[in-house]
Number of protein chains: 2
Amino acid sequence: MKRIAENTINRLIVYKKELERLRREDVKNVFSHKLAILSGFPSHLVRRDLMNVGYFGSPAHGYDVVELEKCISDFLCTPESVRVILIGVGNLGRAILDYCQQQNPKISIIAAFDSDKNKVNKIYHGIYTFHIDSIKNFIKENDIKVVIITVPASEAQKIASEIVDSGVRGIVNFTPVRLQLNEDIYIENLDMMLGLEKVVYFVEGG
Amino acid sequence: MKRIAENTINRLIVYKKELERLRREDVKNVFSHKLAILSGFPSHLVRRDLMNVGYFGSPAHGYDVVELEKCISDFLCTPESVRVILIGVGNLGRAILDYCQQQNPKISIIAAFDSDKNKVNKIYHGIYTFHIDSIKNFIKENDIKVVIITVPASEAQKIASEIVDSGVRGIVNFTPVRLQLNEDIYIENLDMMLGLEKVVYFVEGG
DNA sequence: CTCGTATTGTGAATTTTTTCACAACTCAAA
DNA sequence: TTTGAGTTGTGAAAAAATTCACAATACGAG
């Protein structure tokens, strides 16, 4: 299978979500142009991307919503269910717990961890919080591959190194720290300030 | 001035932050290789990017931390202060209010808005919450150009359209909705689920 | 001063991504 | 059946981003 660009993956995930929505609205077919408007990418990119995943529509009816969603899901190897944990049950961590509960049921946060004794053994938004000291065992026993980090900046690097040692392969990093890890570890940096700065840049000057 | 790629902007913002940190740690000079490690991008990209912003280091001492930070800031036209508002004081909204307070002092959230009467006229993390009905006036009177949206998905499009009518030019969109707006409006989508899905993709298969 | 080492800056090559442009196709209507 | 409108799929072109590779430079040690 040909290697696919990260940008393409980003777009495919967006298409998938829009297709899910169309399916729920009981729409049967969709044209590249429509998908382009929904996703915010030009229609020729949509077509090129779908070519990459190997799905073919019909000139008359466009793409079958259900089939295409299935095809993209398969392409992305979206598993039936993925178990993820979250570290750092501060304001942001709890907000994410809440947010995730409402969304994609295929990816579920199965536990949270914190070092604060006042938070340990409590349940936030339906997720049980364990003490951080038990995290290594938990990761190994539950074969956790993906972790969400929402700890204070000062602790981010240390914890990241530890969980990677325990077998974690991917991190969603909400801290402002650029984690230094082996480069076969996939890191998605979601520092909210960067997003804000970028918008400011494009509005003010760019 | 030459138009600069969005990717370059992303990286510049990261360099800037790392330079800020180095400055606080009282580091005077930095080499492209070091900045590469800190930011996570290859050193030749760092050099190419700095070439684009027009900063020149010395082969002997690398880059002057303070000067380079200043240069990038100027290049990004980072204003002395930018005033931003946040709409939707749910869990995520409040977490962001908290998070932003601790960070970049040049960008400040000066007010929050919500439609829930129980939240209006309350102060969260130091930010006063107004009723959503007063937002149009507020945007106009305070010349707000950038807005953070953390409302429920069902309200996102309606509110986005309204604030754009009032003069907003850039949106940090934390909702899972792809906003349909005039294309001169800059939108930064920070749907956390997409980030999570992407990590899952790269860990499972990519 | 000279040599050796390390780094920058950048033209050129390469790779990747995006866009263009149009043949091929499908259907509906006349 | 034929025409026309609208769409897909894709080779090829163009544009953009990244990497290579090395000349130019600066400095310290001897």
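These numbers were taken from a predicted model, which means no experiment stands behind them.
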When the distance from [atom1] of [X] to [atom2] of [N] is rounded to whole Å, what number comes out?
X	N	atom1	atom2	value
Asn29(A)	dT7(D)	CG	C1'	12 Å
Leu68(B)	dT8(C)	CG	P	11 Å
Leu12(B)	dA17(D)	CG	P	13 Å
Tyr55(B)	dT10(C)	OH	P	14 Å

> Which is it for Glu197(A) and Lys16(B) under the salt bridge (Lys or Arg N to Asp or Glu O under 4.0 Å) test, yes or no, and what are the steps along the way?
Replying inline: CA-CA 11 Å; Glu197(A) 286 217 36; Lys16(B) 182 155 76 79; 3.0 Å; yes
> What string of B, S and - do you get for nucleotides 24-30 of chain D, 5' to 3', when a contact is any protein heavy atom under 4.0 Å?
Replying inline: -BSS---
>> Generate the contact string for nucleotides 14-20 of chain C. Rules: B means base contact, S means sugar-phosphate contact only, - means no protein heavy atom under 4.0 Å.
In response: ---SSBB
What distance do [X] atom [atom1] and [Y] atom [atom2] have between them, rounded to the nearest 0.5 Å?
X	Y	atom1	atom2	value
Arg23(B)	Glu69(B)	CZ	CD	4.0 Å
Ile139(B)	Ile135(B)	CD1	CD1	4.5 Å
Cys100(B)	Met193(A)	SG	CE	3.0 Å
Ile37(B)	Lys34(B)	CD1	NZ	6.5 Å
Glu6(A)	Glu188(A)	CD	CD	6.5 Å
Tyr124(A)	Leu86(A)	OH	CG	12.0 Å

Tell me whether the count of non-hydrogen atoms from other residues, nucleotides or ligands lying under 6.0 Å of [atom1] in [X] goes above 12.
X	atom1	answer
His33(B)	NE2	no
Lys70(B)	NZ	no
Glu183(B)	CD	no

>> Between Asp98(B) and Arg94(B), does any NZ, NE, NH1 or NH2 come within less than 4.0 Å of an OD or OE carboxylate oxygen?
In response: no
>> Are Val164(B) and Leu179(B) packed together at the side-chain level, in the sense that at least one heavy-atom pair is separated by less than 4.5 angstrom?
In response: no
>> Can you list, in residue-number order, the parts of residues 179-191 of chain B that come under 4.0 Å of DNA chain C, counting heavy atoms only?
In response: none
>> Heavy atoms within less than 4.0 Å of DNA chain D: which residues of residues 30-40 of chain A have one? Give them sorted by number.
In response: Phe31(A), Ser32(A)
>> Could you walk me through whether Tyr55(A) and Phe75(A) satisfy the ring pair (Phe, Tyr, Trp, His ring centres under 6.0 Å) test, starting with their C-alpha distance in whole Å, then the side-chain angles of each, then the deciding distance to 0.1 Å, before giving a yes or no?
In response: CA-CA 10 Å; Tyr55(A) 182 79; Phe75(A) 181 85; over 10 Å; no
>> At 10 degrees resolution, what angle do the end axes of the helix from dC1(C)-dG30(D) to dA30(C)-dT1(D) form when each is taken over five base pairs?
In response: 0°
> Under the ring-ring contact (aromatic ring centres under 6.0 Å, His included) test, which residues partner Phe174(B), sequence neighbours left out?
Replying inline: none
> Going by atom types only, do Ser161(B) and Gln157(B) share a side-chain donor-acceptor pair under 3.5 Å?
Replying inline: yes
